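Structure first, then comments.
Nothing here was measured: the structure is a model prediction, and the numbers come from that model. Numbering of residues begins at 1 and proceeds along the displayed sequence.
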Amino acid sequence: MTTRHTPRTAHRRGPARTAAATAAAALTIALTAAACGSPGTDTPADASTEGAGTDLGDDPVVVDITIDTTQVDSLRPITDAFTALHPNVTFEITGEQFDALQQNAARLMTGDDPPDLISLPTPGNTVEDGLVRNLDDYAEAYGWTDFPASQLNQWRVDDDGTRGTGSLYGMGIGFTLTGVYYNKTLAEQAGIDGPPATLAEFEQDLAAAATTGATPLVTSGKDGLVFFPYQSLLLAQGTAKPVTEWVFNAPGASIDTPEAVEAARTLQDWAAAGYLAADVSAVDASTAAAQFAAGEGVYFVSGNWQAATLGQQLGDDVGFFLFPAADDHPRAAMSDPANFVIPAAASDADAAAAFLDFTFTDEGRQLIVTNKGLAPGGPSDAPAPESDVAVVADAATAFTELGADDGIVPFMGNATASFFSATLTPQLQLLLAGRVTPEDFAATLQADYESQVGG
């Protein structure tokens with residue numbers, strides 16, 4: 001395996017991580033002989049790295065990126081900005097339907113001409129099979145190791161296959177973030193003067209919101225996204241680490257805990273009190289968003305992927321804040337990175353890594369917000385990018401605050417391939433209908449989980 005260029009000019013960031021300080025970099029990484037091992041062998045190929053150069057050179061380089069078709073247009077302005085800094089580096093972006101991309105990722109990475117970057121939500125067997133590069137040397141050279149640990153742990157995999165620890169095999173160039181949208185006009189009518197500081201204050205605000213005649217908390221139970229407020233209630237009690245370990249299938253991890261029972265009881269109480277729509281289990285995500293946009297709800301628990309649209313619909317009348325924590329617990333929220341991996345056989349891995357690093361510069365972070373509407377990754381002390389859409393700026397600021405608390409937690413619906421549809425959604429519907437107790441709810445989640453992971 002060979003690369004197409006040799007290192008010449010440093011691409012390290014300065015103290016402020018400005019675009020100029022990152023403009024001339026890349027790493028040269030030579031794969032070890034083991035990295036060329038074939039997938040599926042008794043001894044997994046180790047796509048490890050050795051050494052670190054710092055130059056993209058002057059020779060023409062084409063970085064091939066394979067991504068979900070719906071994300072192609074929003075990625076192009078970011079790759080164009082990188083090319084403006086590195087004229088010898090251009091990009092070819094191939095769009096694949098999301099389902100087909102996930103199904104064919106392994107074949108694409110082991111083909112005759114694998115991409116240099118490929119979008120991949122979860123590791124699966126790619127690390128075990130030696131299909132993706134170990135990014136530890138890149139992380140060390142570019143300073144990614146200084147980022148909040150929770151930004152990276154979803155793509156850390158240990159030697160025994162445990163997620164959340166070990167070497168780094170992927171990077172997210174933007175992050176989803178789940179939080180609370182609120183209608184400022186309706187909140188003011190209810191005597192609510194801004195985002196709550198604690199969970200207790202939020203419950204008081206929900207009670208006040210009920211006086212407006214609108215639904216206090218909009219969410220969707222038909223498609224199971226009522227798990228957003230459920231997991232938020234769980235994380236409010238300081239459970240970020242154990243929930244993360246559980247989603248990552250750590251040995252002995254359990255969701256059948258007093259905190260999980262308490263979160264279920266609170267959500268059930270909110271439904272009984274009329275804080276959720278009476279027909280919440282018949283409402284899907286698109287309907288919930290439309291109801292909130294139409295002024296039929298005071299609060300809406302959803303993700304930053306809704307921010308741009310809601311900003312267009314409600315203007316400055318909509319805001320966004322992190323779900324508040326109980327007592328003095330640190331804040332935590334569900335967040336998934338838009339993950340990219342560098343295939344083990346990629347021919348332009350150095351330029352691919354340099355592009356990933358560019359997305360963490362001030363310029364790159366701004367482009368992530370402007371073009372993709374996601375929260376940018378990077379250092380916890382990096383300034384939040386600006387946006388002309390107030391609620392988009394709110395969401396970006398919230399992610400920066402979350403990074404300071406190191407509070408990124410994966411979505412519990414991703415604990416196993418079937419957990420969300422087979423277990424979480426129907427159990428939440430039963431919980432909201434009062435047909436299962438909070439204790440039975442938590443016990444069933446754990447029993448099904450253990451069955452699905454083979455525990």
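- Within a 6.0 Å radius of CG in Asp159, other residues, nucleotides and ligands contribute 12 heavy atoms or fewer.
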Test ring-ring contact (aromatic ring centres under 6.0 Å, His included) applied to Phe228 and Phe323, step by step: CA-CA 10 Å; Phe228 290 167; Phe323 198 96; over 10 Å; no

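- Partners of Ser167 according to the side-chain hydrogen bond (donor to acceptor under 3.5 Å, both in side chains) rule, which considers only residues two or more places apart in sequence or in another chain, are Asn134, Asp136.
- With sequence neighbours excluded, the residues that form a side-chain contact (heavy atoms from CB on, under 4.5 Å) with Glu259 are Leu234, Gln237, Thr239, Thr257.
- Between Leu217 and Pro229 the shortest heavy-atom distance is CD2-CB, 4.4 Å.
- Between Asp357 and Tyr138, every side-chain heavy-atom pair lies at or beyond the 4.5 Å cut-off.
- Between the CD1 atom of Ile368 and the CD1 atom of Ile173 there is a distance of 4.5 Å, given to the nearest 0.5 Å.
- Residue pairs meeting the side-chain hydrogen bond (donor to acceptor under 3.5 Å, both in side chains) criterion with at least one partner in residues 215-228, sequence neighbours excluded, are Ser220-Asp223.
- Listed by first and then second residue, the salt bridge (Lys or Arg N to Asp or Glu O under 4.0 Å) pairs involving residues 405-420 are Arg331-Asp405 (not counting sequence neighbours).
- Side-chain atoms of Asp64 never come within 3.5 Å of backbone atoms of Asp116 as a donor-acceptor pair (strictly under, hydrogens ignored).
- When all heavy atoms are compared, the tightest approach of Ile342 to Ala349 is CG2-CB, 3.6 Å.
- Nearest heavy atom pair, residue Gly172 against residue Pro337, reads CA-CB, 3.6 Å.
- For the residue pair Trp144 and Gln151, no side-chain donor N or O sits within less than 3.5 Å of a side-chain acceptor on the partner.
- Pairing each heavy atom of Ala351 with each of Val89, the nearest pair is CB-CG1, 4.4 Å.
- Side-chain contact between Phe320 and Thr397 is absent, with no heavy atoms from C-beta onward closer than 4.5 Å.
- Residue Pro376 comes nearest to Val369 through the heavy atom pair CD-CG2, 3.6 Å, listed as atom of the first residue, atom of the second, then distance.
- Expressed to the nearest 0.5 Å, how far CG of Leu152 lies from CZ of Phe147 amounts to 7.5 Å.
- Here the side chains of Val341 and Leu131 are not in contact, with every heavy-atom distance at 4.5 Å or above.
- Between atom CG of residue Leu117 and atom CZ of residue Phe340 there is a gap of 6.5 Å, rounded to the nearest 0.5 Å.
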Phe355 and Val63: side-chain contact (heavy atoms from CB on, under 4.5 Å), yes or no, with the steps? CA-CA 9 Å; Phe355 172 70; Val63 177; 5.8 Å; no

Yes or no on ring-ring contact (aromatic ring centres under 6.0 Å, His included) for Tyr230 and Phe441, after CA distance, side-chain angles and deciding distance? CA-CA 12 Å; Tyr230 172 72; Phe441 171 81; 5.3 Å; yes

Show, in sequence, the C-alpha distance, side-chain angles and deciding distance for Val226 and Leu431, and conclude whether the side-chain contact (heavy atoms from CB on, under 4.5 Å) test is met. CA-CA 11 Å; Val226 69; Leu431 179 74; over 6 Å; no

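- Inter-residue side-chain proximity for Thr178 and Phe227 is flagged as unmet; no heavy-atom pair is nearer than 4.5 Å.
- Residues Phe419 and Leu445 come closest through the heavy atom pair CE1-O, 3.5 Å.
- Residues in residues 415-441 take part in these salt bridge (Lys or Arg N to Asp or Glu O under 4.0 Å) pairs, two or more places apart or across chains: Arg265-Glu439.
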Begin from the C-alpha positions of Phe248 and Asn153 and carry the test side-chain contact (heavy atoms from CB on, under 4.5 Å) through to its verdict. CA-CA 10 Å; Phe248 288 163; Asn153 63 12; 4.0 Å; yes

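- Not a single donor-acceptor pair under 3.5 Å links the side chain of Gln71 to the backbone N or O of Lys372.
- In this structure, the side-chain contact (heavy atoms from CB on, under 4.5 Å) partners of Thr69, at least two apart in sequence or on a different chain, are Gln97.
- Between Ser119 and Leu101 the shortest side-chain heavy-atom distance falls below 4.5 Å.
- With hydrogens and angles left out, the side-chain atoms of Thr162 and Asp160 include a donor and acceptor closer than 3.5 Å.
- Arg163 contributes no side-chain N or O that, together with a main-chain N or O of Trp155, makes up a donor-acceptor pair within less than 3.5 Å.
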Kindly indicate, with the supporting measurements, whether the criterion side-chain contact (heavy atoms from CB on, under 4.5 Å) is fulfilled by Asp448 and Gln427. CA-CA 11 Å; Asp448 284 10; Gln427 285 301 309; 5.5 Å; no

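- The distance from the CD atom of Gln268 to the CG atom of Leu432 is 7.5 Å, given to the nearest 0.5 Å.
- At least one donor-acceptor pair under 3.5 Å links the side chain of Thr83 to the backbone N or O of Thr79.
- By the side-chain hydrogen bond (donor to acceptor under 3.5 Å, both in side chains) test, Thr165 pairs with Asp158, sequence neighbours left out.
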Tabulate below the donor-acceptor pairs under 3.5 Å that side-chain atoms of residues 384-391 make, not counting sequence neighbours, or state none.
unit_1, atom_1, unit_2, atom_2, d
Ser387, OG, Val389, N, 3.1
Ser387, OG, Val389, O, 3.4

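- Shown here are the side-chain hydrogen bond (donor to acceptor under 3.5 Å, both in side chains) partners of Glu245, two or more places apart in sequence or in another chain: there are none.
- Between Met334 and Leu235 there is a side-chain heavy-atom pair separated by less than 4.5 Å.
- Counting heavy atoms from C-beta on, the side chains of Leu267 and Leu428 come closer than 4.5 Å.
- Here the straight-line distance linking atom CZ of Phe82 with atom CG of Leu356 works out to 9.5 Å at 0.5 Å rounding.
- To the nearest 0.5 Å, atom NZ of residue Lys184 and atom CG of residue Leu314 are 10.5 Å apart.
- Tyr169 has its side chain out of reach of Pro123: every pair of non-hydrogen atoms, C-beta onward, lies at least 4.5 Å apart.
- Thr176 places no side-chain N or O within donor-acceptor distance of the main-chain N or O of Ser335, the cut-off being under 3.5 Å.
- Asn183 places a side-chain N or O within donor-acceptor distance of the main-chain N or O of Leu186, the cut-off being under 3.5 Å.
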Only distances under 3.5 Å count here; give the side-chain donor-acceptor pairs of residues 188-210 to other protein atoms, sequence neighbours excluded, each with its distance to 0.1 Å.
unit_1, atom_1, unit_2, atom_2, d
Thr198, OG1, Glu201, N, 3.2
Glu201, OE1, Ala197, N, 3.0
Glu203, OE2, Trp270, NE1, 2.9

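- Side-chain contact of Asn249 with Tyr449: a donor-acceptor pair under 3.5 Å is present, judged by distance alone.
- Residues satisfying the side-chain contact (heavy atoms from CB on, under 4.5 Å) test with Gln429, not counting sequence neighbours, are Ser281, Thr425.
- Checking side-chain atoms of Thr244 against main-chain N and O of Ala240 turns up a donor-acceptor pair under 3.5 Å.
- Remark: the Gln452 side chain and the Thr423 side chain contain an N/O donor-acceptor pair separated by less than 3.5 Å.
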List the atom pairs, donor and acceptor, that lie under 3.5 Å between side-chain atoms in residues 293-309 and the rest of the protein, sequence neighbours left out.
unit_1, atom_1, unit_2, atom_2, d
Asn304, OD1, Leu177, N, 3.0
Asn304, ND2, Phe175, O, 3.0

